[in-house]
Structures are given as C-alpha cells and as structure tokens.
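Each chain gets a letter, A, B and so on, in the order its sequence line appears, and its residues count up from 1.
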Amino acid sequence: MFIQQLINGLMLGSTYSLVAIGYALIFGVLGLLHFAHGEVLMVGAFMGLYIILWTGLPLYIALPLTMVVTGILGMIIQFLAIRPLKKNFHLAPLLSTIGVTIILQNLAVKIFGGYGTRFPDTIAMDNIMLGPYMVSSVKLIIMGISLLLMVIFYLIIKKTKLGKAMRALAESHLTAGFLGVNVERTVFLTFGIASALAGAAGVMIGVSYSAISPFIGLTFALKGLVVMLLGGMGNVVGAMIGGLILGVAEVLSITLLPTEVNLQDIFSFGIMIIILIFKPTGLFGSKQN
Amino acid sequence: MILEIREVGKVFGGFCALQNVSIRVEEGKIHAIIGPNGAGKTTLFNLISGMFDISHGEIHYRDKRLNGLRPDIRAELGIGRTFQIVRLFPSMTVLENVMVGRHCRTHSGLLKTFFHFPLGESSEEKQIRNNAMQWLEFVGMTHRAQQVAANLPHPEQRRVEIARALALDPDLLLLDEPAAGMNPKETMDLDALIVKINGMGKTILLIEHNMNLVMGISEIISVLNFGEKIVEGTPAEVKENPAVIEAYLGKKRN
Amino acid sequence: MEYILSVATVAGINIIMALSFYAPFMTGQVSLAQAGFAAIGAYSAAVCTVKFGIPYIPAVIIGGVVAGVVGFILGIPALRIKGIYLLLLTLGFGEIVRVIFINIEYVGGAAGFPGIPYQENTFFYAYGLVLILIVCFERLRNSRMGRAMRAVGDDETAAEINGINITAVKLKAFAAGAFIAGMGGGILAHFQEFIEPLMFGVMHSVEYIVFAIFGGVQVFWGPIFGAIVLSFVPEFFRFVQAWRHEIYGALLIVMMIIKPEGVITNDSVRFIKKIFRGS
C-alpha cells in the first residue's frame, strides 16, 4: 500500500517538477518571478487537447508540437512584456507578467469556455502490474516522459553552449555580457525552453486528470512555486527533486489524513509558508538575486 | 572615550575582512581611518552602526556594549552616519529627508497622527520642521528644501545626508568617504563643514581617501591594511611611517 | 439611477481595497493577501450580524479588527522576508484562507453564506469610510509615522541607520492594510447579501494591485483614482465590459513599460493643488 502510494506520488510529482523547472530557470537566470508561467501551462494543455482532437495525431507527436507552440508563446511574452521594461522599478516584471496572466486566462475562458473540457483517451487506459503493484499505463508514460524531458533539459544546461551561457547569466548579467554571451538572445531562449517544459507539463496534466479548464494555470502555478521554494529559488536541480517530494507528500497526505477535509490544497501552501518562514533558501540552497 | 573597538573581527563565509582591530576614539576629536581599497574600513563602519553582526570582539559606545543591538537603537544612542554612496530617500523632498532624521527624538504614533486636534500641523510636527530647517541652514541647503532629493547634484546630496544624520542629535558622527566624487573646491567646503560640526562638540570618525583632507583636519589617524590596524598616530607620524607608505605604494623594489 | 448607484458603491468598496493594498506597499511590502483579509472581514462581520444580531457598524468594525489581528500575526513572520518571498507568503496565505472557509460548515462552506442582511445605505457607509481613509492618509503623509513608512519603502537600510525601527513600522503598515481590507470585506458582505469563498480568490488581490499601480503609488490619490476609473469605465462601455479583464491586463503591461509610476504622481498632485490655490 505504501509503495503503491509512493509510485503515485512520484508520478504526480514529476509533472510538478516540470512546472517548477521553468520557474527556477527563469528566476535563476533573470532573478524574476514569471507570474504567467502557469498560464503558459494552461495554454499548453489546451493546445495538446486540440491538436489531438482535430488532427487525431498520437500523443508522442502532439506533445513536441505543443512544446514548440508554448515555447514560442513564452518567447512572445518575453518580447512584449519583459524586454521593453525599464530597469528602475523592480516590481515591473512581476506586475507585467501578472498582466499577461490576466489576459491569457480570460482569453482562454472566452475561447474554451469556463468549464472543464475532457481530454480524449489517447493512450490505452490499461493497468500494468509491476510486480505486486498495479500502475496505470497513463501515469507510467507520464512519469517516463517527464523524467526523459528532465534528463534532456539537464544535458542542455550542463553540456551545451546555450546551457553555459545561461549559467553565466545566472551569475551576473554584466560579466556574462563582457565575456561575449549574447544576453538578449540567451534570455529569449531561456523563456522558450522554460515555456516548452510548461507546455509539456500541461499536456501531461490534461492526459492524467482527463479534464482541463482555463483555471488550472493558477493551481499549477502555485504548486510550481511551492516546489521551487522547496528546492531553493532558482535552483533547477532542486526544483526537480522538490517536485517529486511534493507529489509524494500530497498523495500520502490524502491517504493518511481524514477525508472529510479538503486538506490537499492547504497542505502544499502550508509547506510553502513553513519554508518561507523557517528556511527561505529551500532544501537545496537558492540562488541570490 | 566615546567609542572603544576591542579586538574586533569580521568573517564573511571564510573570508576574514577584519581581524583583531582595536581603536579608541576620544570624545570631541576628528579621528580618521585610512587604508587602501579593501582594507576593511567600511566593514568597520557597518559593525559600529549595526548593519552586520560582529564575529569577534566587542564595541562599546560610552558605557554601552553595542554587540547585538539593532541599528536604530544605536542611532538613538547617538551614533549617526553617512554612506559611501549617498543614500537619501529618493522619493522625498530634501526637507522631508532631514525630518526623518528627527524620528527617534520624537514620539507621535499612528493614532496620534490620525486623531490630533485641532486640525492643522501638530506642535511636534512644527518642531520637527523647524529643527530640520535649522540643520539645512547649517549645511547651507535651505534653498533646496522643497526639491525632490533624487534630483540634486551629488555634492548637495552629500550635504543633505550630513544634515539628516545631524538631525538625530548624534554625539558620534561616522562619515564614510564624504569627499568621494567632489572637485577640490567642493572638498574644501566640505572640509570646513566637518570642522564646523566638530566645533559643536561632536566627535567625528571619518573614512577618507583624499589625503589632503585627512591630513588637514584629523587629529588622530588609524591605518588599516588587509583587515588589520597597522599604524595609529598624528597625521605627521602617519605620513612618515614606512609601513603606511608600503601599504599605499607597495613594497619598494631593489 | 439605481444602476449607477450600485456601480458607484462597488467603486467605493474598490477604493477601500486599493487603499488597503497601498498601506503596506508604502513600506515596500507587496501583498497578495488583501482578498484573503477581505474574506476574513466579510465572514466575521456576517457572522456578527447573522448569528449574533450585532448591528451593522460594530459588525463591520469587528470584521476589520479580526482581519487586522490576523494581519498582525501574519506580519510577524512576514517581516523576515522581502520581495518575491513576501509575495509568495501572502499568496499562499490568501489561498489558505479561502480553502479554510470552504471547509467551515458553520458559514456555509463551499456553497457560500446566504441571508446576510442588506444594508441599503452601503453607498454612504462605503464613501464615509473612504473619506475617513483620505483624512488619515493625508494626515499620515505629513507626519512622523508617514515619513518613517515612506523612508522604509525607499531604503530600509538608510531608514534603520537613521533611527527607525523598521520592524515596527512594517508590521503596523501590514496590520493597518489588513484592517482596512477587513472593513472593506464587511461592507461588501452586507451589500451583496451573500458571500462565498470564490469571491476572495487571488485574482481579486491582483485586481486591487492593478487599481493601485494604474493610478500610481507615489501618493494615496493614485490608488483612489485607479479604483474609480477602472470601476466605472467598464460599466459604461459595453465593449469594455466584455473585455474588461483583458484590458486590465494589457493596461498593466503598458503602464509598466511606459509609465511605471502610474497616472497620478507627486508632481500631478502638486500641480492640482496649485490650481486650487489659484497661484
């Protein structure tokens, strides 16, 4: 029973990780909180849904397509709402991405309606026996894809030139600029990558919850923020691990605590407040901005 | 003795910024602290004014041990300071900036603010305003009183910052490189201002790079290098000291 | 006429909420908890009138006090953190308050709290409170505490070095903001006759920020101006009404790009005062 829940928790947590990586990446590189990140995820969920509905493409093609779309969306957001800001008001990026949030959420309500939309069953909903434990194939695939994306992302950060540029920017924009890093371009691509991961998370949340609404953005944005805090602000690896921890903790809290109270939501916010008060650097240390 | 720094050290995550520094500042003097960049002068000021915690040693102001006291309490005890890079409140007018300096010498709380009668300015507010205007006059800035602080040229901002520090009635005034970025004429005026403040009986502890200014007005000079005090004495003594020359100019090559 | 009165009343409540955001903002604290404080005030006031038969005015004040006390308690840990961390803390708090009310059956849970007595004169009470707040903020502006608050908002270190206990100042401002939001919530509850947790989500806190930032945060007239304009304009233009939120969002972005200090600034206030003095 415990192991069964542990596996469920890891699956849930792997989607949280994907969301949180985007937050951590943007916070790490730019020192700003991208408030509209959750809405990018929501757009990704709807994109995935409509690509599958209209074209009948299988998940493994719809997913990368969605990632491209949300990646571009992220870059547009950076181009329109962040790049033109003057540097003298430190709250400007936050408030302007709040503006993006309001726009995306309300447009989504107008386009998709305010109620939940069912995701088509794109994957056979079989249950697979892993030894003595029963696991649904959907969740297994989701976890697999999430982990794969995390590995690819990790390699980008560690091995590629772009990754190096991002890490240099995270240290200091000025120095990185002196050293020949194209700051504007790297920031642009950072938003693209972070938003592509959010899009992937959106699709997988759509598949596993089998219903999506324009309001899931905020819910998962909050989870992503909790995870980033847990792992340490701007700490990308911390975000991966933090996501898994929150996923497991949430699933266990549902099984262990009385069912009549809706504690699941309070639980993650409770964690957030406790971390903020007692250990604002998170479990694995944060990047100073 | 107004300030006694006893074997003070400060460590930043393994890096030792100050080590075993002892300085005694006598009441009524102008005492300068000099040293090359990175010698730990500003760190010492931050320890005195309470912005950092002390790693080793003790600092006493008169009979009071300062270790662990909040900066605002130290200000209330009578320690005022200015910053290396001027830190006025940019959104406020010059006069308002100086009026903030009166904060810890006055008492009106929120409720008194909202419910004082009769209407109009309270007597305490009037008193704060008058006092602040006096200090502005003292530093020669009354003509700027109603302007927004951020719009002033740098030397004038410095004068306002000094007026703000004086408004809290300090007995000890810490000035961190007051002449930085000033031309010779402005430096001379500042020179005169510092002597005038000292003439009112206020003790001045001064960090300065401008040797002319330091040598001209200070009575005692402590020299820091690599976080340690290497020499202390009168300007004449310090000027001749080979260790000081070495610290500033580097070792002589044969 | 009745319609305009109703819009004006809502605008009045929005002014109260925008000012509740502005109070802690003066000291540099950005709070996303204002809707949460409004919820606490609304539910407390409604419990007072519905369950205990307490009259309207004391009920609204009790709502404010309860929210203020909660704000004070939340403010204690909130002082240790700044910037984005504080924003996240207040965001989490606002959501927790909502989830807690969903789970309290005594006040109707997720289904909401019906049957709150309707206050016909809400318009006058709301604007009465706005008037009191204007007097308070105006008095605060040229006062020892008001300067201390602005000093803390400008530069905490310089404020501290000049003898201001920044902890005390920030805590007072935060609690005062919660108190104002609580009273706003109480007034809202007795105008709508029905409250539910959904009415106090994070997006409402965001809306109050938009009012304040659009209007301007240099002087308290900014949030007032922002709340009035953004409450009235959508009601009178059908097109604007349908796209209200998208326009809010775009407005916020555009303001951040071209005029982050907001419409009403220190200079514009001085200019207007000059005109009134006739010089």
Side-chain angles (χ1 to χ4, degrees), chain B residues 45-46 49-51 70-83 86-93 95-116 119-122 124-125 128-129 132 146 148-150 161 164-165 167-170 174, chain C residues 23 25-28 68 72 79 132-177 179-180 216-219 222 261-262 265-267 269-270 273-274:
Chain B
F45 266 29
N46 287 341
S49 58
M51 284 166 65
R70 287 198 317 261
D72 55 292
I73 292 177
R74 300 185 197 205
E76 209 176 329
L77 286 172
I79 303 177
R81 89 168 269 188
T82 65
F83 294 87
V86 182
R87 284 179 98 149
L88 293 178
F89 303 115
S91 74
M92 298 190 188
T93 65
L95 179 62
E96 284 173 331
N97 261 281
V98 182
M99 288 170 84
V100 170
R102 293 303 293 163
H103 184 86
C104 64
R105 304 289 171 227
T106 44
H107 308 285
S108 299
L110 276 181
L111 287 181
K112 209 169 175 192
T113 307
F114 297 149
F115 302 113
H116 75 77
L119 300 173
E121 205 171 48
S122 71
E124 189 185 75
E125 182 73 4
I128 294 174
R129 184 181 299 275
Q146 299 305 332
V148 175
E161 199 190 23
R164 184 179 69 187
L168 59 83
D169 288 337
L174 312 178
Chain C
F25 187 86
M26 280 172 80
T27 64
F72 187 85
L79 288 167
I132 293 171
L133 289 174
I134 287 177
V135 171
C136 286
F137 273 98
E138 181 61 40
R139 291 195 142 193
L140 190 63
R141 188 154 177 80
N142 292 307
S143 77
R144 173 179 175 270
M145 282 308 289
R147 272 189 304 274
M149 285 169 74
R150 284 191 286 148
V152 173
D154 270 5
D155 185 338
E156 284 190 15
T157 303
E160 207 171 24
I161 290 295
N162 282 285
I164 295 170
N165 181 347
I166 54 172
T167 315
V169 168
K170 285 165 81 176
L171 195 53
K172 279 175 192 164
F174 198 80
F179 175 69
I180 299 170
V217 287
Q218 289 181 353
V219 254
E261 67 273 23
T265 62
N266 274 321
D267 291 338
V269 170
R270 260 180 232 129
K273 276 187 181 161
K274 225 180 216 169

**Item:** chain C contacts, top residue of B:Cys104, B:Ala75, B:Ser91 (heavy-atom pairs, under 4.5 Å)
**Value:**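 Of the candidates given, the most pairs with chain C belong to B:Ser91.
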**Request:** Go through B:Met92, B:Glu76, B:Arg74 and name the one with the most non-hydrogen pairs under 4.5 angstrom from chain C.
**Result:**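 So the answer, after comparing B:Met92, B:Glu76, B:Arg74, is B:Met92.
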What part of [X] gets closer than 4.5 Å to chain C, counting heavy atoms only: side chain, backbone, both or neither?
X: B:Glu124; result: side chain
X: B:Leu110; result: both
X: B:Arg70; result: side chain

Indicate the atoms forming the closest heavy-atom contact of [X] with [Y], along with that distance.
X: B:Pro71; Y: C:Ile161; result: CB-CD1, 4.3 Å
X: C:Ala158; Y: B:Arg164; result: CB-NH2, 4.1 Å
X: C:Asp155; Y: B:Phe89; result: O-CE2, 3.6 Å

**Message:** Suppose we screen for side chain to side chain contact (heavy atoms under 4.5 Å, CB included). Which residues come up paired with C:Phe174, at least two apart in sequence or across chains?
**Reply:**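 C:Pro24, C:Gln29, C:Ser31, C:Phe37, C:Leu74, C:Thr90.
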**Prompt:** Just how far is it from atom CG of C:Asn162 to atom CD of B:Glu161, taken to the nearest 0.5 Å?
**Reply:**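 Nearest 0.5 Å value for the CG-CD distance: 8.0 Å.
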**Asked** C:Ala176 versus chain B, heavy atoms under 4.5 Å apart: side chain, backbone, both or neither?
**Response**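 The answer is neither part of C:Ala176.
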Show the atom names and distances, to 0.1 Å, of all donor-acceptor pairs under 3.5 Å that link a side chain in residues 135-143 of chain C to residues at least two apart or in another chain.
from	atom 1	to	atom 2	distance (Å)
C:Arg139	NH1	B:Phe114	O	2.9
C:Arg139	NH1	B:His116	O	2.8
C:Arg139	NH2	B:His116	O	3.0
C:Arg141	NH2	C:Asn266	OD1	2.9
C:Ser143	OG	C:Leu140	O	2.8
C:Ser143	OG	C:Gly146	N	3.1

**Asked** Side chains of B:Glu125 and C:Arg147: closer than 4.5 Å at any heavy-atom pair?
**Response**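 Yes - at least one pair of side-chain heavy atoms lies under 4.5 Å apart.
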**Asked** Looking at side-chain heavy atoms only, is the closest gap between B:Met51 and C:Thr157 below 4.5 Å?
**Response**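 Of all side-chain heavy-atom pairs linking C:Thr157 with B:Met51, at least one is under 4.5 Å.
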**Message:** My understanding is that only residues two or more places apart in sequence, or in another chain, count here; which of them pass salt bridge (Lys or Arg N to Asp or Glu O under 4.0 Å) with C:Arg144?
**Reply:**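 C:Arg144: no salt bridge (Lys or Arg N to Asp or Glu O under 4.0 Å) contacts found.
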**Prompt:** Considering heavy atoms only, which positions within residues 164-172 of chain C lie below 4.5 Å of chain B?
**Reply:**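 The residues closer than 4.5 Å to chain B, in numerical order, are C:Ile164, C:Asn165, C:Lys172.
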